[in-house]
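The structure displayed is predicted, hence computed values, not measured ones. By convention in this document, chain letters (A, B, ...) are assigned in the order of the sequence lines, proteins followed by strands, and residues within each chain are numbered from 1. Both backbone and side-chain heavy atoms feed into the values below; hydrogens, waters and symmetry mates do not.
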Protein chains: 2
Amino acid sequence: MDRVKTEFNDLCITEGSKMDKRKNVDQNEDEGRKFISKNLEAERKRRKKLSDRQLELRSLVPIITNMTKATIITDAITYIEDLKKTVEELTDQLQQMETTCADEEKTNSEEEDIKKWGTITPEVQVNHISGTKLWIKIVFQKKRGSLTKLMEAINVLGFDLTDTSITTSRGAILITSSAEFAENFHGGLPDADQIKKFLLEIIRSF
Amino acid sequence: MDRVKTEFNDLCITEGSKMDKRKNVDQNEDEGRKFISKNLEAERKRRKKLSDRQLELRSLVPIITNMTKATIITDAITYIEDLKKTVEELTDQLQQMETTCADEEKTNSEEEDIKKWGTITPEVQVNHISGTKLWIKIVFQKKRGSLTKLMEAINVLGFDLTDTSITTSRGAILITSSAEFAENFHGGLPDADQIKKFLLEIIRSF
DNA sequence: CCGAACACGTGAAAC
DNA sequence: TGTTTCACGTGTTCG
C-alpha cells in the first residue's frame, strides 16, 4: 500500500520568466552544478511531521472509506459530526432522566417532610368525579383500630373503595382512593362536602 | 494572517544528475521554452480540494492553537479524543441512571405481572416476628365491601395494623402489614398458622 | 539572517 | 490507455 519512496534527488533550476529572480544560484557557473536548497531537509522534516499527524488522525477515525489524504480528512470530519451528534443525544437523554428522577425524589422528600411533622393535622379531601365516583384523600394520625373504624364508616356511608392506596409512616396514615357509591344503597348520593365533613368528624373522634 | 499568494508561475526545468530522464521536454529547444506539465491543473485542483477539506476540518474544531496545517490536524485529534471521552462519561452516567431507575421499574413490572394474571389466586402469609408482632401478607380478588369485611375480621381477631401498605390494581388487592396483637384482647395469642387459615377462610368467603 | 510555513510545478507510481 | 495520488525540491514570505 505504501508508495515506493522516489529517489528523485535530481537538481532543479528555476528560470525567471522575465527578470532573473534567482538568489541561491551559483554565480560562478551557469552549467549544471550540484546545488542543494537550504531548506531541503527542513522541508523534508516538515513533510514527515505533517504525514505523521495525518496518520495519527487516521488511526483515530474508526471508519475509513479510502486511504487517500483528502478522504482521511473527510472521514475525520464525518466522524467528528457523528460524535457531536451522539453527545447531543446523550446529554438530552441524561437530562430527561435527571428531570424524571428528580420528580420522584421530590415527591419522596415531600412525603418525608410530612413524616417529620411529628403530629399530623387531620385533612380530608372529597372530589366528585363523575356519576357515582368520588376521589378521596384522607390524612390522619393513626390510633388503635382507627383504620378499621374508618373503613366501617366508609362502608356505612355506602361507598366501596376502588384503586385504593394506603400509606402509613411514623404513625401517620395517608389514604387516597377512588370511591364508588353503591347503587343498591338506600338513599340518594350525598354531597361531596357532606361526606367530607362526616369523614372529618370520624377522624377527629379517634 | 493569510499568507500572500505567491504569483510565482515561472517555469521549472528539471535536469537529471547523470542521465537525462526528462520526458515532456520540448525536443526542438534546449533553450528555456514554455512547457506545461500535463497534470498541472489537475494538481492545482487536487491541492485546492485538499486545502478546502482542511479548512472545513478546522471550522469544525472549536479550539485552535495555531493556524498552521499541522496544528490544525493536531487540534482535530485532541478534539476527537475529548469527544470520545465525553461520550464515554455520558454513557456511563446514563447507564447508572438506567440501572437505578430500572430497579424502580422492575418492581412496577412485577406488580404489572401480577396484574396481568387476570384472576388472582388468593394467598395469605402470616409470620410471627416477636412477642405480639406479626407480619401479614394478603392477596385476593377484590369484591364489593371485601376490604371492609377483612378489616372487621382482623379487628375481631384482636389485631391492629401498623405500617400497612395496601395496593389495589385491576381488581386485585395486595396487603402487607405489621400487625400487633392487642394486649387487652381476651384470650391468648393465636398461632400464626391458625390466623392464616382464618384469614384465608374469610377471603374465600367473599 | 535564519527558521518555519506554504504553494507551486513536476516526475513517478498506482489504479 | 488516462486519471489520480503522492513525494519531492524549490522560491517566497513572515516573524
Side-chain angles (χ1 to χ4, degrees), chain A residues 1-27 29-30 32-58 64-76, chain B residues 1-27 29-58 61 64-76:
Chain A
M1 192 60 75
D2 279 336
R3 278 170 194 279
V4 181
K5 256 195 131 182
T6 64
E7 291 296 345
F8 173 65
N9 287 342
D10 300 341
L11 313 179
C12 184
I13 297 179
T14 63
E15 184 175 5
S17 54
K18 297 171 184 176
M19 287 287 293
D20 193 357
K21 302 172 186 171
R22 288 176 296 178
K23 285 187 177 178
N24 297 321
V25 70
D26 192 30
Q27 302 286 4
E29 295 287 351
D30 285 4
R33 296 296 298 142
K34 297 203 174 183
F35 158 71
I36 50 172
S37 183
K38 293 178 181 177
N39 59 343
L40 202 161
E41 280 196 49
E43 180 67 12
R44 280 181 183 166
K45 212 171 184 178
R46 172 180 167 269
R47 269 201 295 267
K48 175 166 171 49
K49 187 165 69 178
L50 226 161
S51 180
D52 288 351
R53 301 283 190 200
Q54 290 194 346
L55 211 73
E56 194 179 345
L57 177 62
R58 189 193 60 176
I64 297 179
T65 59
N66 199 358
M67 280 295 234
T68 184
K69 289 197 172 186
T71 51
I72 286 177
I73 298 185
T74 306
D75 293 344
Chain B
M1 190 62 78
D2 278 337
R3 277 171 193 279
V4 181
K5 258 195 128 181
T6 64
E7 291 296 344
F8 174 64
N9 288 342
D10 301 341
L11 313 179
C12 185
I13 298 178
T14 62
E15 184 175 7
S17 54
K18 298 170 184 176
M19 286 287 292
D20 193 355
K21 303 173 188 173
R22 288 177 295 179
K23 286 187 175 176
N24 297 322
V25 71
D26 192 42
Q27 302 286 4
E29 294 287 351
D30 285 5
E31 187 189 343
R33 294 299 297 143
K34 297 203 173 183
F35 157 70
I36 50 170
S37 183
K38 291 178 180 176
N39 59 340
L40 202 161
E41 280 199 49
E43 180 67 12
R44 282 180 182 166
K45 210 169 184 179
R46 170 181 168 270
R47 269 201 295 265
K48 176 166 171 48
K49 187 165 68 179
L50 226 161
S51 181
D52 288 350
R53 303 282 190 198
Q54 290 193 346
L55 211 75
E56 193 178 345
L57 177 61
R58 189 192 61 175
V61 178
I64 296 180
T65 59
N66 198 357
M67 278 297 233
T68 184
K69 289 199 172 186
T71 50
I72 286 178
I73 298 186
T74 305
D75 293 344

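For B/Asp75 (side chain) and B/Arg58 (main-chain N/O), no donor-acceptor pair under 3.5 Å exists by modelled atom type.
To the nearest 0.5 angstrom, B/Lys69 atom NZ is 5.0 Å from B/Ser51 atom OG.
Side-chain nitrogen and oxygen atoms of B/Thr68 include at least one within less than 4.0 Å of the OP1 or OP2 phosphate oxygen of C/dC6. The side chain of B/Arg44 contributes no N or O atom lying less than 4.0 Å from OP1 or OP2 of C/dC8. In this structure, B/Arg46 reaches the D/dC6 phosphate: one of its side-chain N or O atoms is under 4.0 Å from OP1 or OP2. For the OP1/OP2 pair of C/dA7 and a distance below 4.0 Å, the side-chain nitrogens and oxygens of B/Lys69 include at least one atom meeting the criterion.
Atom-to-atom, NZ of A/Lys45 to P of C/dA4 comes out at 8 Å; the value is rounded to the nearest Å. Computed from coordinates, the B/Leu50 CG to D/dA7 C1' distance equals 13 Å when rounded to whole Å. Rounded to whole Å, the distance from CZ on A/Arg53 to P on C/dC6 is 12 Å. Between the NZ atom of A/Lys38 and the P atom of D/dT12 there is a distance of 12 Å, rounded to whole Å. Put simply, CD1 on A/Ile73 is 14 Å from C1' on D/dT5, counting in whole angstrom units. Following rounding to the nearest Å, A/Glu41 (CD) and C/dA4 (C1') show an atom-to-atom distance of 15 Å.
The residue among B/Ala42 and B/Arg47 whose nearest nucleotide of DNA chain D lies closer to the 5′ end is B/Ala42. Residue B/Asn66 is the one, among B/Asn39 and B/Asn66, whose nearest nucleotide of DNA chain C lies closer to the 5' end (criterion: closest heavy atom). Mapping A/Glu43 and B/Leu40 onto DNA chain C by nearest heavy atom places A/Glu43 at the nucleotide closer to the 5' end.
Of all nucleotides present, only D/dT5 satisfies the Watson-Crick or G-U wobble test against C/dA12, with each distance under 3.5 Å.
Between B/Gln54 and A/Gln54 the shortest side-chain heavy-atom distance falls below 4.5 Å. Using a 4.5 Å heavy-atom threshold, the side chains of B/Ile73 and A/Leu50 count as touching.
Salt bridge B/Glu41/B/Arg44: absent, no basic N to carboxylate O contact under 4.0 Å.
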